[in-house]
Structures are given as structure tokens and as C-alpha cells.
Amino acid sequence: DAGVIQSPRHEVTEMGQEVTLRCKPISGHDYLFWYRQTMMRGLELLIYFNNNVPIDDSGMPEDRFSAKMPNASFSTLKIQPSEPRDSAVYFCASSFDRGLNEQYFGPGTRLTVT
Amino acid sequence: GEDVEQSLFLSVREGDSSVINCTYTDSSSTYLYWYKQEPGAGLQLLTYIFSNMDMKQDQRLTVLLNKKDKHLSLRIADTQTGDSAIYFCAESIGAGGGNKLTFGTGTQLKVEL
């Protein structure tokens, strides 16, 4: 398996623009997580899904952020409109629903909003 | 709330041992984890310990768990420059939490020659 795949790896956009980040989890994994990492706030869980259903979105900062998982192999995180304070590295991770519950992280998308 | 705390930085000389400490909050955690993040990459599971264990050794890595004090540590023996990274401890949030983990703030380990 290729692991968790995220695209794009880097995104530079202007304030006010819509940004869509994409994630393909590892095949067969039941859970999918979106995290944001910044120097100031560290690693924050934004939202996670179980079997494509959003379970906990309490970490989503505000209504400008939305996430979807239309099927087991694809998820998106959308920011509309984007703001400079959204600049961060966004990670997607997936895991099995059994045993060790190890989370497998993607390489991340580095977002810069100017 | 759930706070997992770590010191932010640790600097050691190559060949020395490194000890990274963590305090966690949820006494019902089943597993406790150490993840490693290398520059420009995502987190990767380094090792873990089951909550009914006190110690786990895996090659150069030793994990110690003190459940009474909710204290977790990671010791890296013979630290190498390739060990320079950010290390995160994490706990599962207990029953009903699914696979959700609470991560610490991360400790940046710098290995000097």
C-alpha cells in the first residue's frame, strides 16, 4: 500500500480564496482524521470520521472550515474563505478499528495564505 | 479537559542517552504511544506500551510507564544524529473514544556532534 496520500503537498493562496485539501486513506481503514500543525498551537485534531461518518468536529475552528468523506477512499477539507491565520501544515491520518489503533499519517499539505 | 504535557526541547550529544518525558491525564487509556516526526514529514509510530505494563524495551528504545503519577518516558540509548526529530507522546482517550488520540505538545530533540 502507498500509505496515506495527500494533495497538494504545498498550496499558496491569497486571502479570501477557497482552498481544498485532499486525502486518500489506507485501504480498509475505518477511521480518518484531519489535523492542523502550527508552531504556536502544536498538533490539533480538527475532525474525524468513522466509516465515512463525521464523529467529532469540535476541533474545527469556525464555519469557514468544512470536511467531507463521500466514500471510504477519499476525504476533503475545505476552507472558504481562507485567511492568513489558516497558514499551517494540515495532516490526514487513518487507522484500523481494532488492536493497537495506530494512526498512519500522510506527508501533510503546507498551506500558506498571503 | 485532556492535556498531555511534554517539555519543548532537548539537546544531547551524539552517543549519549536521551530521555523524553510526558505526563498524561486519562487513567483509562489502553495504550500510550510515542510518535516521531522527522522534518517535512508526517508523524510515524515509534513505539507503544500497553497500560498494564511498566516497561517496554525495543532495541535502543525503552519506554517506562508510571501509572500512579501518569508519567511516561522514552529513553533512546546511544543517540544518533538521525534521531533528531520531534517526539510526541499520545494517549487514547478511553472507552467510547474510538481511535481518537490526544497528542502532547511534542519535544524537539537535537543531537549534536
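Note: hydrogens, waters and symmetry copies are ignored here, and every other heavy atom, side chains too, is used. In the text below, chain A, chain B and the rest are named by the order of the sequence lines, each starting its count at 1.
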Quiz item: Of the backbone (N, CA, C, O) and the side chain (C-beta and beyond), which part of A:Gln6 lies under 4.5 Å from a heavy atom of chain B, both, or neither?
Solution: neither

Quiz item: Hey, any chance A:Phe91 and A:Leu46 share a hydrophobic cluster, counting ILVMFWY side chains that come within less than 4.5 Å of each other, even indirectly?
Solution: no

Self-check item: Euclidean distance, B:Lys100 NZ relative to A:Leu45 CG, rounded to 0.5 Å
Solution: 5.5 Å

Quiz prompt | ILVMFWY cluster, B:Tyr24 and B:Phe50 together (side-chain gap under 4.5 Å) | solution = yes

Quiz item: Side chain, backbone, both or neither: which part of A:Asp30 has an atom under 4.5 Å from a heavy atom of chain B?
Solution: neither

Quiz item: Which distance, rounded to the nearest 0.5 Å, do you find between the CD of A:Glu102 and the OH of B:Tyr33?
Solution: 9.0 Å

Quiz item: Do you know which of A:Ser95, A:Cys92, A:Gly106 has the most heavy-atom pairs under 4.5 Å to chain B?
Solution: A:Ser95

Practice problem: Report, as yes or no, whether the 6.0 Å neighbourhood of atom CE on A:Met15 holds more than 12 heavy atoms from other residues, nucleotides or ligands. | Solution: no

Practice problem: Determine the minimum heavy-atom distance between A:Gln103 and B:Tyr35, stating which atoms define it. | Solution: N-OH, 3.0 Å

Exercise. To the nearest 0.5 Å, tell me how far B:Leu101 CG sits from A:Phe33 CZ.
Key: 6.5 Å

Quiz item: Is the CD atom of B:Gln44 crowded by more than 12 outside heavy atoms at less than 6.0 Å?
Solution: no

Quiz item: Does atom NZ of B:Lys56 have more than 12 heavy-atom neighbours, drawn from other residues, nucleotides or ligands, at distances under 6.0 Å?
Solution: yes

Self-check item: Heavy-atom closest pair, residues B:Phe88 and A:Leu43
Solution: CE2-CB, 4.4 Å

Self-check item: Engaged part of A:Arg110 at the chain B interface, taking heavy atoms whose separation is under 4.5 Å
Solution: neither

Quiz item: What part of A:Phe96 gets closer than 4.5 Å to chain B, counting heavy atoms only: side chain, backbone, both or neither?
Solution: backbone

Quiz prompt | Atom CD of A:Glu62 with >12 non-hydrogen neighbours under 6.0 angstrom | solution = yes

Quiz prompt | A:Asn71, CG atom: more than 12 neighbouring heavy atoms under 6.0 Å | solution = yes

